[in-house]
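Following: one structure in C-alpha coordinates, then a few remarks.
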Amino acid sequence: MTDHLPSASRQGSLAARLVSASPIRTLALLALCAAYIQGPITKILDFDGALAEMPHFGLLPAPFFAVSVIVFELVASAMVVSGLLRWAAALALSGFTLLATFIALRFWEMAPGMERSMAANAFFEHIGLAGAFVLVAAIDLGKDAGE
(Lines give C-alpha, C1' and ligand atoms only; values in the text may rest on other atoms or scores of the structure.)
Protein backbone atom coordinates (compact mmCIF):
# COMPACT_ATOMS: atom_id res chain seq x y z
CA MET A 1 0.00 0.00 0.00
CA THR A 2 2.82 2.43 0.71
CA ASP A 3 4.10 1.82 -2.83
CA HIS A 4 1.25 3.91 -4.15
CA LEU A 5 1.92 6.92 -1.95
CA PRO A 6 5.01 8.21 -3.75
CA SER A 7 3.27 7.78 -7.10
CA ALA A 8 0.16 9.58 -5.86
CA SER A 9 2.36 12.28 -4.37
CA ARG A 10 4.16 12.73 -7.71
CA GLN A 11 0.84 12.93 -9.56
CA GLY A 12 -0.47 15.47 -7.05
CA SER A 13 2.72 17.46 -7.39
CA LEU A 14 2.47 17.38 -11.19
CA ALA A 15 -1.18 18.46 -11.03
CA ALA A 16 -0.32 21.25 -8.58
CA ARG A 17 2.45 22.52 -10.87
CA LEU A 18 0.17 22.35 -13.89
CA VAL A 19 -2.85 24.17 -12.42
CA SER A 20 -0.71 26.75 -10.65
CA ALA A 21 1.26 27.62 -13.79
CA SER A 22 0.78 31.29 -14.57
CA PRO A 23 -0.88 30.86 -18.00
CA ILE A 24 -3.33 28.23 -16.69
CA ARG A 25 -4.17 30.35 -13.63
CA THR A 26 -4.72 33.42 -15.81
CA LEU A 27 -6.97 31.48 -18.21
CA ALA A 28 -8.94 30.07 -15.26
CA LEU A 29 -9.40 33.54 -13.77
CA LEU A 30 -10.48 34.88 -17.18
CA ALA A 31 -12.98 32.02 -17.46
CA LEU A 32 -14.31 32.75 -13.98
CA CYS A 33 -14.75 36.42 -14.92
CA ALA A 34 -16.04 35.75 -18.45
CA ALA A 35 -19.64 36.74 -17.69
CA TYR A 36 -18.42 39.92 -15.98
CA ILE A 37 -16.40 40.86 -19.06
CA GLN A 38 -18.94 39.85 -21.71
CA GLY A 39 -21.92 41.42 -19.91
CA PRO A 40 -20.56 44.97 -19.73
CA ILE A 41 -19.29 44.80 -23.32
CA THR A 42 -22.79 43.82 -24.42
CA LYS A 43 -24.25 46.67 -22.34
CA ILE A 44 -21.81 49.16 -23.89
CA LEU A 45 -22.63 47.98 -27.43
CA ASP A 46 -26.37 48.15 -26.70
CA PHE A 47 -26.62 50.89 -24.11
CA ASP A 48 -30.32 51.46 -24.83
CA GLY A 49 -30.90 47.80 -23.97
CA ALA A 50 -28.86 48.22 -20.79
CA LEU A 51 -30.99 51.23 -19.85
CA ALA A 52 -34.18 49.23 -20.48
CA GLU A 53 -32.90 46.35 -18.36
CA MET A 54 -32.44 48.41 -15.19
CA PRO A 55 -36.09 49.37 -14.49
CA HIS A 56 -37.11 45.79 -15.33
CA PHE A 57 -35.20 44.80 -12.19
CA GLY A 58 -36.34 47.83 -10.18
CA LEU A 59 -33.04 49.72 -10.50
CA LEU A 60 -33.63 53.45 -10.91
CA PRO A 61 -32.30 55.80 -12.08
CA ALA A 62 -31.46 53.53 -15.00
CA PRO A 63 -28.46 55.50 -16.38
CA PHE A 64 -26.75 55.52 -12.98
CA PHE A 65 -27.20 51.78 -12.44
CA ALA A 66 -26.31 50.85 -16.04
CA VAL A 67 -23.03 52.77 -15.92
CA SER A 68 -22.28 51.58 -12.38
CA VAL A 69 -22.76 47.91 -13.33
CA ILE A 70 -20.60 48.29 -16.44
CA VAL A 71 -17.75 49.98 -14.56
CA PHE A 72 -17.98 47.69 -11.54
CA GLU A 73 -17.92 44.44 -13.55
CA LEU A 74 -15.02 45.52 -15.77
CA VAL A 75 -12.89 46.95 -12.96
CA ALA A 76 -13.51 44.05 -10.56
CA SER A 77 -12.76 41.51 -13.32
CA ALA A 78 -9.53 43.29 -14.19
CA MET A 79 -8.54 43.24 -10.51
CA VAL A 80 -9.26 39.50 -10.17
CA VAL A 81 -7.29 38.62 -13.30
CA SER A 82 -4.39 40.98 -12.61
CA GLY A 83 -4.08 40.16 -8.91
CA LEU A 84 -4.50 43.75 -7.74
CA LEU A 85 -6.44 43.36 -4.48
CA ARG A 86 -7.76 40.12 -5.98
CA TRP A 87 -9.35 39.04 -2.71
CA ALA A 88 -11.38 42.25 -2.39
CA ALA A 89 -12.56 42.18 -6.00
CA ALA A 90 -13.46 38.49 -5.73
CA LEU A 91 -15.53 39.12 -2.60
CA ALA A 92 -17.18 42.11 -4.27
CA LEU A 93 -18.07 40.00 -7.33
CA SER A 94 -19.38 37.27 -5.05
CA GLY A 95 -21.65 39.71 -3.24
CA PHE A 96 -22.74 41.33 -6.51
CA THR A 97 -23.53 37.92 -7.97
CA LEU A 98 -25.62 36.91 -4.96
CA LEU A 99 -27.52 40.20 -5.01
CA ALA A 100 -28.14 40.07 -8.76
CA THR A 101 -29.18 36.42 -8.54
CA PHE A 102 -31.80 37.12 -5.88
CA ILE A 103 -33.07 40.10 -7.91
CA ALA A 104 -33.14 38.51 -11.37
CA LEU A 105 -33.67 34.77 -10.85
CA ARG A 106 -36.57 34.43 -8.41
CA PHE A 107 -37.60 31.07 -9.84
CA TRP A 108 -39.76 30.33 -6.78
CA GLU A 109 -42.15 33.08 -7.91
CA MET A 110 -42.59 31.56 -11.38
CA ALA A 111 -45.25 29.15 -12.56
CA PRO A 112 -44.06 25.55 -12.94
CA GLY A 113 -42.63 24.79 -16.35
CA MET A 114 -39.58 25.11 -18.55
CA GLU A 115 -38.95 28.80 -17.78
CA ARG A 116 -38.99 28.14 -14.03
CA SER A 117 -36.71 25.14 -14.43
CA MET A 118 -34.22 27.16 -16.48
CA ALA A 119 -34.31 30.02 -13.97
CA ALA A 120 -33.73 27.57 -11.09
CA ASN A 121 -30.72 26.08 -12.91
CA ALA A 122 -29.30 29.54 -13.56
CA PHE A 123 -29.95 30.52 -9.93
CA PHE A 124 -27.92 27.61 -8.57
CA GLU A 125 -25.17 28.08 -11.18
CA HIS A 126 -24.83 31.67 -9.96
CA ILE A 127 -24.70 30.50 -6.34
CA GLY A 128 -21.81 28.24 -7.37
CA LEU A 129 -20.12 31.13 -9.15
CA ALA A 130 -20.40 33.27 -6.02
CA GLY A 131 -18.84 30.42 -4.05
CA ALA A 132 -15.97 30.17 -6.52
CA PHE A 133 -15.20 33.86 -5.99
CA VAL A 134 -15.12 33.30 -2.23
CA LEU A 135 -12.60 30.49 -2.80
CA VAL A 136 -10.46 32.81 -4.96
CA ALA A 137 -10.48 35.35 -2.12
CA ALA A 138 -9.62 32.67 0.45
CA ILE A 139 -6.71 31.40 -1.63
CA ASP A 140 -5.44 34.93 -2.20
CA LEU A 141 -5.72 35.84 1.48
CA GLY A 142 -4.14 32.51 2.50
CA LYS A 143 -1.20 33.22 0.22
CA ASP A 144 -0.69 36.59 1.94
CA ALA A 145 -0.81 34.85 5.33
CA GLY A 146 1.94 32.45 4.25
CA GLU A 147 -0.30 29.40 3.96
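Scope of the values below: all heavy atoms of this structure, side chains included, with no hydrogens, waters or symmetry mates.
Side-chain contact check for Met54 versus Leu60: every heavy-atom pair is 4.5 Å or farther apart. The shortest distance between side-chain heavy atoms of Phe65 and Ile70 does not fall below 4.5 Å. You'll find the side chain of Thr101 stays beyond 4.5 Å of the side chain of Leu99, heavy atoms only. Counting heavy atoms from C-beta outward, Leu51 and Pro63 have side chains that approach closer than 4.5 Å. When side chains are defined from C-beta on, Leu74 counts as touching Ile44, because their heavy atoms get closer than 4.5 Å.
In this structure, Leu32 CG and Leu27 CG are separated by 12.5 Å, a value rounded to the nearest 0.5 Å. Distance CD1/Ile139 to OG/Ser20: 11.0 Å, rounded to 0.5 Å. Here the CG atom belonging to Asp140 is positioned 8.5 Å from the CG atom belonging to Leu85, to the nearest 0.5 angstrom. Rounding to the nearest 0.5 Å gives a distance of 10.0 Å between CD of Glu53 and OG1 of Thr42.
Under the 3.5 Å distance criterion, the side-chain polar atoms of Arg116 are matched with a main-chain donor or acceptor of Met110. Between the Ser117 side chain and the Gly113 main chain, no donor and acceptor come within less than 3.5 Å of each other. Side chain of Ser77 to backbone of Glu73: a donor-acceptor contact under 3.5 angstrom is found.
The distance between the ring centers of Phe133 and Phe96 does not fall below 6.0 angstrom. In this structure, Phe102 has its ring center under 6.0 Å from that of Phe123.
Tracing side-chain contacts under 4.5 Å through hydrophobic residues (I, L, V, M, F, W, Y), one reaches Ile41 starting from Val69; they form part of the same cluster. The hydrophobic cluster containing Met79 does not contain Tyr36, counting ILVMFWY residues as joined when their side-chain heavy atoms lie under 4.5 angstrom apart, directly or transitively. Linking ILVMFWY residues whenever their side-chain heavy atoms come closer than 4.5 Å, directly or via other members, places Leu30 and Leu129 in the same cluster. Tracing side-chain contacts under 4.5 Å through hydrophobic residues (I, L, V, M, F, W, Y), one never reaches Val80 starting from Val134; they form parts of separate clusters. At a threshold of 4.5 Å between side-chain heavy atoms, the hydrophobic network of Ile, Leu, Val, Met, Phe, Trp and Tyr places Val75 and Val136 in two separate groups.
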Audit row: Leu29, Arg86, side chain to side chain contact (heavy atoms under 4.5 Å, CB included) steps and yes/no | CA-CA 10 Å; Leu29 291 168; Arg86 178 178 288 140; 3.6 Å; yes
Dump the intermediate steps for side chain to side chain contact (heavy atoms under 4.5 Å, CB included) on Phe124 and Leu105, then the final yes or no.
-> CA-CA 9 Å; Phe124 288 103; Leu105 295 169; over 6 Å; no
Step by step, work out the side chain to side chain contact (heavy atoms under 4.5 Å, CB included) result for Ile127 and Leu98.
-> CA-CA 7 Å; Ile127 297 298; Leu98 288 174; 3.6 Å; yes
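Residues Pro55 and Ala62 share a closest heavy-atom pair of CD-CB, 3.9 Å. Minimum heavy-atom separation, Thr97 to Leu93: OG1-O, 2.6 Å.
Sorted pairs that involve residues 40-59 and meet ring-ring contact (aromatic ring centres under 6.0 Å, His included), not counting sequence neighbours, are lacking altogether.
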